[in-house]
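Working notes, beginning with the structure itself.
All values derive from a computational prediction rather than experimental measurement. Numbering of residues begins at 1 and proceeds along the displayed sequence.
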Amino acid sequence: PWSGRPARGRVVVIDHGGGPQSHYYHLADTQVSVGQMVVAGELLGHFGQTGLEAAIAAGVLGVGPHLHFGVWDINQDHFLSPDDFLGILI
């Protein structure tokens, strides 16, 4: 679990080796630990709205529980299209 930016809330980052990392933001909880090896289909956590509580409480944002997913390339220092990894059109 990682929370480098508070607005992203509770986060899990999976390092796939060679550059790509998958990021899962706003989790209600995490079911994995730092450094833990995971396999496809393993539960990482449950979607939530962490990181947004202050905005919601102030009435600025009305977002319910959700998940943001991103693929970051640490070699190129930018996000990649998740479509390249999921095989679907977004």
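- To the nearest 0.5 Å, atoms CZ (F47) and OH (Y24) are separated by 15.0 Å.
- Checking Q36 against Q31 by side-chain atom types alone, no donor-acceptor pair falls below 3.5 Å.
- Side chain of E42 to main chain of V39: a donor-acceptor pair is present (N/O by atom type, distance under 3.5 Å, no hydrogens or angles).
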* To do: Could you give me the CA-CA distance, side-chain angles and deciding distance for H26 and H68, then say whether side-chain contact (heavy atoms from CB on, under 4.5 Å) is met?
  => CA-CA 7 Å; H26 305 301; H68 286 189; 3.6 Å; yes
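- Between the T50 side chain and the R10 main chain, a donor and an acceptor come within less than 3.5 Å of each other.
- Listed for the N75 side chain is a donor-acceptor partner under 3.5 Å among the backbone atoms of G18.
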* To do: Might you work through the side-chain contact (heavy atoms from CB on, under 4.5 Å) test for L27 and V11, ending with a clear yes or no?
  => CA-CA 6 Å; L27 297 170; V11 176; over 6 Å; no
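- Interatomic distance, L80 CG to Q21 CD, rounded to the nearest 0.5 Å: 10.5 Å.
- The aromatic rings of W72 and H23 sit tilted, their planes meeting at an angle between 30° and 60°.
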* To do: In sequence, state the C-alpha distance, the side-chain angles, and the governing distance for L44 and I14, and then conclude on side-chain contact (heavy atoms from CB on, under 4.5 Å).
  => CA-CA 10 Å; L44 305 176; I14 305 295; 4.1 Å; yes
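- Looking at every heavy atom in both residues, P65 comes nearest to Q49 through N-OE1, 3.6 Å.
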